[in-house]
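Chain letters run A, B, ... following the sequence lines, proteins first, then strands; residues in each count from 1.
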Number of protein chains: 2
Amino acid sequence: MAEGGVGPVGGENLLFLTDEQLRKGIEAMFFAYRGFTADPDRILERHDYGRAHHRAMHFIHRSPGTTVNNLLAILGVTKQSLNRVLRTLIEDQLVESRVGRRDKRERHLFLTEKGAQLERELSEAQRGRMRAAYRAAGPQAVAGFRQVLEAMMEPEMRRQYMTLKDAGA
Amino acid sequence: MAEGGVGPVGGENLLFLTDEQLRKGIEAMFFAYRGFTADPDRILERHDYGRAHHRAMHFIHRSPGTTVNNLLAILGVTKQSLNRVLRTLIEDQLVESRVGRRDKRERHLFLTEKGAQLERELSEAQRGRMRAAYRAAGPQAVAGFRQVLEAMMEPEMRRQYMTLKDAGA
DNA sequence: TTGGAAAGTCAACAAGGCTGACATAAAATC
DNA sequence: GATTTTATGTCAGCCTTGTTGACTTTCCAA
């Protein structure tokens with residue numbers, strides 16, 4: 001392992017790159033992610049759903065009419081895994097699956113009114129915490145937060161993220 | 001839900017608090033967390049362990065001699081869940097469990113040389129990505145990154161994090 | 001017309017969460 | 001000294017969410 005960033009590297013004094021700093025960042029990610037999912041998890045439990053259902057609903061809400069294949073690529077799970085989740089959401093009438101008009105093999109996914117309601121409840125809870133954190137940290141910190149997260153993504157996922165990122169706003 | 005931060009709030013123009021900005025932050029967390037765990041996951045698979053083993057080893061490395069109860073509080077899982085993981089780590093001689101000297105009910109946990117080796121392999125992989133992200137984003141972004149994450153934690157977890165945070169450095 | 005992509009289904013399995021019940025040893029308290 | 005509490009471990013069973021593999025149906029496109 002050798003040094004790995006402790007002390008001057010390449011002539012610059014990159015104190016924020018010490019192993020100790022990196023460890024703190026790693027633990028920050030770990031603990032923060034728990035907070036990040038805590039509020040939706042509580043709501044999901046009441047409705048007898050899990051995180052997988054939340055993720056599916058989030059991205060269907062985000063890109064209405066998206067296909068199963070698109071969703072698979074974004075969520076990074078197997079179709080069998082996603083299918084189980086989608087099946088219950090469709091049975092419970094939170095999601096509607098419409099056969100593609102141009103390509104009838106494809107299924108286009110939409111939230112029903114009922115589904116949109118739950119999605120709203122979940123994302124409001126999640127945004128609530130996010131908003132509080134953003135407000136506490138300030139706009140400059142938020143910019144840095146996003147920069148580091150983007151640099152941390154797998155290239156494939158960064159592509160997915162960037163595509164979505166600017167689509168709406 | 002009403003507005004929720006879109007447009008001017010309280011006289012200030014808090015553009016970074018719009019629902020759209022918050023959604024981007026939420027997706028950034030989702031995609032980045034996948035990157036965050038990707039490298040260790042690959043290594044763990046080779047060794048037939050899971051993320052749970054990594055987490056346990058990380059915090060035992062971080063606080064050698066910590067007790068089972070301490071670890072439970074940090075990891076936020078049940079003792080049955082943790083025990084299953086610890087048992088295999090002890091069987092495989094990656095972790096050593098020593099009966100407490102002052103309080104013989106307690107077990108103090110340590111990494112063996114073999115355990116320390118795997119921990120090093122895992123954390124080097126994870127730090128590698130972290131270091132690249134930090135370097136790409138720069139020190140100011142890193143400070144913001146940490147600020148937002150800390151503000152996002154559950155208060156209880158923030159306490160755990162802060163306690164660990166300054167312990168070593 | 002036929003190959004292959006998209007989607008769905010079934011079966012089986014594993015990791016890692018959970019609850020509840022129970023055992024043991026040791027510490028703490030009455 | 002007896003009782004209660006604490007720390008840990010363990011057994012059994014359940015759930016969610018991931019996996020692989022095999023197979024079918026539909027239907028677009030070469």
Within the pair [X] and [N], is there a side-chain N or O less than 4.0 Å away from OP1 or OP2?
X	N	result
A:His53	D:dT16	no
B:Thr78	C:dG17	no
B:Arg55	C:dG17	yes
A:Asn69	C:dA5	no

Please give, in whole Å, the distance from [N] [atom2] to [X] [atom1]?
X	N	atom1	atom2	value
A:Asp41	D:dC15	CG	C1'	14 Å
A:Asn83	D:dT20	CG	C1'	15 Å
A:Leu71	C:dA6	CG	C1'	14 Å
A:Asn70	C:dA5	CG	C1'	14 Å
A:Asp48	D:dT16	CG	C1'	11 Å
B:Tyr49	C:dA15	OH	C1'	14 Å
B:Arg107	C:dA27	CZ	C1'	14 Å
B:Leu82	D:dT8	CG	P	10 Å

Does the plane of the ring in B:His58 sit parallel, tilted or perpendicular to the ring in B:His54? Use 30° and 60° as the thresholds.
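Ring orientation of B:His58 relative to B:His54: perpendicular.
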Which label fits A:Phe59 and B:Phe31: parallel for a plane angle under 30°, tilted from 30 to 60°, or perpendicular past 60°?
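Aromatic pair A:Phe59/B:Phe31 classed tilted.
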Any non-hydrogen side-chain atom of A:Asp92 less than 4.5 Å from a side-chain atom of A:Thr112?
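Sidechains of A:Thr112 and A:Asp92: no contact.
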May I ask you to check if A:Arg129 and A:Phe36 form a cation-pi contact, with NZ or CZ under 6.0 angstrom from the six-membered ring centre and within 45° of the axis?
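Pair A:Arg129/A:Phe36 does not count as cation-pi.
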Closest to side chain of B:Ser81, choosing from D:dT17, C:dC18, D:dT19:
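Looking only at heavy atoms from C-beta outward on B:Ser81, the closest nucleotide is C:dC18.
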Position toward the 5' end of DNA chain D (nearest nucleotide), A:Gly50 or A:Lys104:
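Its nucleotide being nearer the 5' end, the pick is A:Gly50.
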Please tell me which of A:Arg84 and A:Arg87 maps to the more 5' nucleotide of DNA chain C, matching each residue to the nucleotide holding its nearest heavy atom.
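The residue whose closest nucleotide sits nearer the 5' end is A:Arg87.
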Between the side chains of B:Lys24 and B:Glu27, is the shortest nitrogen-to-carboxylate-oxygen separation below 4.0 Å, so that they form an ion pair?
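B:Lys24 and B:Glu27: not salt-bridged.
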Using heavy atoms and a sub-4.0 Å distance, could you list which residues of residues 92-103 of chain A are near DNA chain C? By number, please.
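Hits under 4.0 Å, by residue number: none.
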Would you find a donor on one side and an acceptor on the other, under 3.5 Å apart, between the side chain of B:Arg46 and the backbone of B:Asp41?
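Judged by distance alone, no pair lies under 3.5 Å.
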Donor-acceptor pair, distance only, cut-off 3.5 Å: does the side chain of A:Thr18 make one with the backbone of A:Gln21?
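Confirmed, A:Thr18 side chain pairs with A:Gln21 backbone.
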State whether the distance check finds a donor on one side and an acceptor on the other, under 3.5 Å, for side chain [X] versus base [N].
X	N	value
B:Lys79	D:dT8	yes
B:Arg105	D:dT8	no
B:Gln80	D:dG13	no

Side chains of B:Thr88 and B:His53: is there a donor and an acceptor less than 3.5 Å apart?
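Yes - a donor-acceptor pair under 3.5 Å links their side chains.
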